[in-house]
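A short write-up of the structure that comes next.
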Amino acid sequence: MNVQKGVATINFVRAEQSKDDEFLRKAVEEAYKGVECGDGLPFGAVIVRNGEVVVSCHNMMLRNKDATAHAEVTAIREACQTLDQIYLPDCEMYASCEPCPMCLGAIRFSRIKRLVYGAKAESAMAVGFSQLAPLEIKKADGARALIAEQVFEQIKAKFPLY
């Protein structure tokens with residue numbers, strides 16, 4: 001390996017880590033902020049585009065009385081509004097904790113290109129966060145299920161974007 005190329009690679013990696021540390025610190029600050037002001041549980045998220053913070057959010061479950069108002073989902077919603085777009089393919093997310101399945105799904109659906117998180121999900125679970133309630137799930141059958149399936153075939157021409 002060329003020595004100059006190796007040094008450049010090391011410098012790039014250090015710069016990337018420094019950037020990750022900075023934005024992850026902001027996500028952790030948001031987690032504290034959300035608890036201090038009574039908005040929600042100790043989770044924070046930051047969305048960044050081209051090295052600039054687009055939004056910095058915390059969990060809003062208690063304030064909004066909304067079980068889906070996790071920091072990551074709130075950040076995605078606000079970033080989409082701020083950037084006036086549905087998807088965020090040129091953005092990165094920094095989350096104070098490993099996202100739950102709902103948030104991970106939202107991150108994937110929003111097409112965020114990179115996720116960096118701090119704490120493991122087990123850390124949140126160990127103090128009682130992220131507990132799921134029992135849920136019965138049943139797929140309908142019969143005519144109503146068929147009608148529900150047909151809606152996708154009937155409207156597909158209206159959504160060429162997807």
Side-chain angles (χ1 to χ4, degrees), residues 19-49 52-156 158-159 161-162:
K19 177 186 76 155
D20 287 351
D21 290 346
E22 173 191 348
F23 295 131
L24 189 55
R25 180 183 48 76
K26 287 183 184 293
V28 172
E29 288 173 2
E30 277 291 335
Y32 279 111
K33 180 179 169 185
V35 172
E36 289 170 9
C37 68
D39 285 346
L41 305 177
F43 300 94
V46 175
I47 294 183
V48 174
R49 183 171 75 170
E52 299 291 323
V53 173
V54 175
V55 295
S56 183
C57 299
H58 53 263
N59 183 289
M60 299 288 286
M61 288 174 54
L62 300 177
R63 181 178 190 184
N64 295 352
K65 294 176 181 55
D66 177 357
T68 68
H70 292 198
E72 299 90 338
V73 172
T74 300
I76 290 167
R77 289 173 180 158
E78 288 189 20
C80 288
Q81 291 300 306
T82 298
L83 298 173
D84 193 32
Q85 57 191 52
I86 295 171
Y87 299 114
L88 305 169
D90 54 349
C91 294
E92 300 171 306
M93 178 180 282
Y94 294 84
S96 63
C97 187
E98 181 178 1
C100 73
M102 176 188 70
C103 291
L104 189 56
I107 292 164
R108 305 259 337 237
F109 278 116
S110 69
R111 301 181 183 165
I112 288 174
K113 68 179 179 180
R114 184 168 182 257
L115 166 67
V116 177
Y117 67 88
K120 290 183 177 183
E122 289 83 7
S123 298
M125 288 186 259
V127 295
F129 298 121
S130 300
Q131 294 180 353
L132 301 176
L135 170 67
E136 177 185 342
I137 300 174
K138 177 189 178 214
K139 185 194 178 305
D141 49 4
R144 294 293 165 224
L146 183 58
I147 291 169
E149 295 279 345
Q150 290 172 346
V151 69
F152 297 103
E153 187 63 34
Q154 291 177 12
I155 57 90
K156 71 180 178 183
K158 291 185 179 202
F159 296 97
L161 175 66
Y162 300 94

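Here the structure is a predicted model, which means the values were calculated and not measured.
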Spacing of K19 atom NZ and Y94 atom OH [to the nearest 0.5 Å]: 4.0 Å
Nearest heavy-atom pair of A75 and C57: which atoms, and what distance? CA-SG, 3.6 Å
To the nearest 0.5 Å, what is the distance between CZ (F109) and CG (L104)? 10.5 Å
Any side-chain heavy atom of E98 sitting closer than 4.5 Å to one from E122? yes
Compare every heavy atom of S96 with every heavy atom of P42, then report the nearest pair and how far apart it is. O-OG, 4.1 Å
Counting only heavy atoms not in Q150, do more than 12 fall under 6.0 Å of its CD? yes
Between F43 and F129, what is the ring plane arrangement, given parallel below 30°, perpendicular above 60°, and tilted in between? perpendicular
Identify which one of M61, H58, M60 satisfies the side chain to side chain contact (heavy atoms under 4.5 Å, CB included) criterion when paired with H70. M61
Identify the two heavy atoms, one from L62 and one from G38, that lie closest to each other, and give their separation to 0.1 Å. CB-O, 3.8 Å
Close side-chain approach of R49 to C91, heavy-atom, < 4.5 Å: yes
Salt-bridge contact E29-R25 (side-chain N to carboxylate O under 4.0 Å): yes
Please tell me if the side chains of E92 and V116 come closer than 4.5 Å, counting only heavy atoms from C-beta onward. no
Under the criterion side chain to side chain contact (heavy atoms under 4.5 Å, CB included), which of V48, L83, L88 is the partner of V54? L83
Please check: side-chain N/O of N59 versus main-chain N/O of L41, any donor-acceptor pairing under 3.5 Å? yes
Side chain to side chain contact (heavy atoms under 4.5 Å, CB included), paired with E72, selected from C100, S110, C103: C103
Over all heavy atoms of both residues, which pair between V46 and A27 is shortest? Give the atoms and the distance, please. CG2-N, 3.6 Å
Using side-chain heavy atoms (C-beta onward) and a distance below 4.5 Å, is K33 in contact with S56? no
From D90 atom CG to I112 atom CD1, the distance as rounded to the nearest 0.5 Å: 10.0 Å
Residue set satisfying side chain to side chain donor-acceptor pair (under 3.5 Å) with E78, at least two apart, ordered chain then number -> none
Got a second to check how far R77's CZ is from I47's CD1, nearest 0.5 Å? 11.5 Å
Around K113, counting heavy atoms of other residues, nucleotides and ligands shown, do more than 12 lie under 6.0 Å from its NZ? yes
Y117 and L24 have their tightest heavy-atom pair at C-CD1, 4.1 Å
Residue R108 excluded, over 12 heavy atoms near CZ under 6.0 Å: no
If you look at every heavy atom in I155 and V151, which pair is closest and at what distance? CG1-O, 2.9 Å
pair V55-T74: side-chain heavy atoms closer than 4.5 Å: no
